Amino acid sequence: NLCPFAWEDYLAETRSVAAPPVCFKQHAVPPTNEFHCGVKLEAQDPRNLTSTCIATVVAVIGPRLRLRLDGSDNKNDFWRLVDSNDIHPIGHCESNGGMLQPPLGFRMNASSWRTFLLKTLSGAETAPSRYFKKEPSSPRYNMFRIGQKLEAVDRKNPHLICAATVGAVNNDSIFVTFDGWKGAFDYWCRYDSRDIFPVGFCAMVGHPLQPPGQKFALTSGSRFKSRVLSVPPPPPLQFISTGVEKMPSEIGKLSISSLDLGAKT
Ligand code: MLY
């Protein structure tokens with residue numbers, strides 16, 4: 001790609017708007033990242049949310065940390081923001097009356113956990129509490145609108161943050177669609193997910209941004225062709241409120257993203 005991706009041009013060409021920053025659970029001024037590779041901290045095990053484990057920083061990009069749980073393999077790394085509530089300095093769990101747990105898939109015998117813990121922490125460099133930034137407050141309600149642009153983590157390739165569009169809105173959740181990728185990476189998330197960012201976030205923090213893919217429908221008009229109109233899958237149960245205010249049959253209708261399309265008649 002010879003020209004770097006420019007949101008301003010892309011918004012104009014797709015006749016779309018960015019979701020306002022107030023829609024997101026992100027600080028207006030992104031936090032600085034003081035972590036470096038090798039430091040240890042406590043993290044919630046993403047595969048077993050009741051467990052707090054020891055994690056090591058194995059990569060740093062902008063305000064994001066790539067974490068690996070001590071005693072786990074290198075196939076289950078995950079990413080957290082430095083202002084995530086899922087990470088804390090070593091000692092936080094115990095000072096709150098908890099006990100550090102082995103990660104799911106601990107590669108040794110469970111009986112060796114105590115010894116392993118002592119060993120992994122002895123002489124380790126631990127992240128001081130000033131590295132951990134305060135979590136942003138959550139917007140009071142879902143303010144996203146269909147068609148708005150944003151930057152979103154590709155959950156199948158979580159090191160990537162990509163150009164994306166709100167494809168649907170349902171109660172407290174939004175359907176994140178990846179521009180130019182035909183739906184394979186799209187997902188539902190809560191409006192206050194930490195995986196979504198306002199347009200310009202990557203540029204602001206020095207994180208690479210994946211430009212839209214090439215999989216646009218072949219219609220005339222803009223260089224960025226309309227997405228083929230596809231109805232997003234209904235939101236998973238966890239994203240549907242218990243009320244009857246929206247019947248399942250209406251979800252598809254609500255969801256069709258028409259703003260992204262330049263679909264002028
Ligand atoms: N190697 C993968 C990468 C896909 C990334 C898609 N994101 C940016 C939405 C592939 O080509 O399938």
Side-chain angles (χ1 to χ4, degrees), residues 1-11 13-14 16-19 23-26 30 46 58-68 73-81 144-170 173-191 193-219 222-236 239 255-262:
N1 208 352
L2 294 172
C3 333
F5 174 69
W7 266 119
E8 210 198 342
D9 300 342
Y10 184 65
L11 292 177
E13 291 195 49
T14 55
S16 55
V17 295
C23 296
F24 297 85
K25 183 174 183 171
Q26 304 292 350
V58 295
V60 172
I61 311 182
R64 304 178 78 210
L65 307 172
R66 179 176 175 146
L67 301 176
R68 185 170 299 164
D73 52 49
N74 58 4
K75 301 284 184 289
N76 292 284
D77 292 354
F78 55 100
W79 292 81
R80 288 294 176 267
L81 292 159
F144 287 102
R145 294 287 177 263
I146 289 175
Q148 290 174 337
K149 298 292 181 190
L150 68 159
E151 299 179 2
V153 171
D154 172 354
R155 289 183 170 174
K156 292 184 177 166
N157 304 278
H159 58 294
L160 300 178
I161 298 182
C162 318
T165 305
V166 178
V169 176
N170 186 266
S173 49
I174 66 169
F175 191 62
V176 175
T177 67
F178 289 91
D179 291 30
W181 284 98
K182 284 194 163 172
F185 300 92
D186 301 353
Y187 58 83
W188 284 96
C189 68
R190 285 184 51 89
Y191 73 90
S193 166
R194 302 305 315 282
D195 286 345
I196 53 176
F197 307 91
V199 161
F201 176 86
C202 283
M204 192 153 40
V205 301
H207 191 292
L209 174 68
Q210 299 306 118
Q214 305 296 313
K215 314 271 170 59
F216 290 89
L218 294 171
T219 59
S222 150
R223 185 150 71 86
F224 301 104
K225 292 308 156 207
S226 305
R227 196 181 164 77
V228 175
L229 250 193
S230 60
V231 178
F239 292 121
S255 310
I256 295 171
S257 165
S258 51
L259 301 181
D260 184 23
L261 308 177

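Heads up: numbering here begins at 1 and tracks the sequence. Because the structure is a prediction, the values reported are computed rather than measured. One-based numbering, in listed order, for ligands and for the atoms of each.
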(request) Determine the interplanar angle of the F175 and W188 rings, folded into 0 to 90°, and report it as parallel if under 30°, tilted if 30 to 60°, perpendicular if over 60°. (result) tilted

(message) Angle between ring planes, F178 versus F185, binned at 30° and 60°: parallel, tilted or perpendicular?
(response) perpendicular

(message) Within the protein, is there a heavy atom lying under 4.0 Å from atom 7 (N) of ligand 1?
(response) yes

(message) Does the protein place a non-hydrogen atom closer than 4.0 angstrom to atom 4 (C) of ligand 1?
(response) yes

(message) List ligand 1 atoms under 4.0 Å from N157, heavy atoms only on the residue side.
(response) 4 (C), 5 (C)

(request) Using a strict 4.0 Å cut-off to heavy atoms of C162, name the atoms of ligand 1 that fall inside it. (result) 8 (C)

(message) Less than 3.5 Å apart, any donor N or O on the side chain of D186 or T177 sitting next to an acceptor on the other?
(response) no

(message) When you compare the side chain of F201 with that of P63, does any pair of heavy atoms fall below 4.5 Å?
(response) yes

(message) Just to confirm my output: which protein heavy-atom neighbour is closest to atom 12 (O) of ligand 1, and how far is it?
(response) F185 CZ, 3.8 Å

(request) Flag D154 as yes when one of its N or O atoms lies below 3.5 Å from any N or O atom of ligand 1, and as no otherwise. (result) yes

(message) Can you confirm whether or not the ring centre of F144 sits under 6.0 Å from the ring centre of F24?
(response) yes

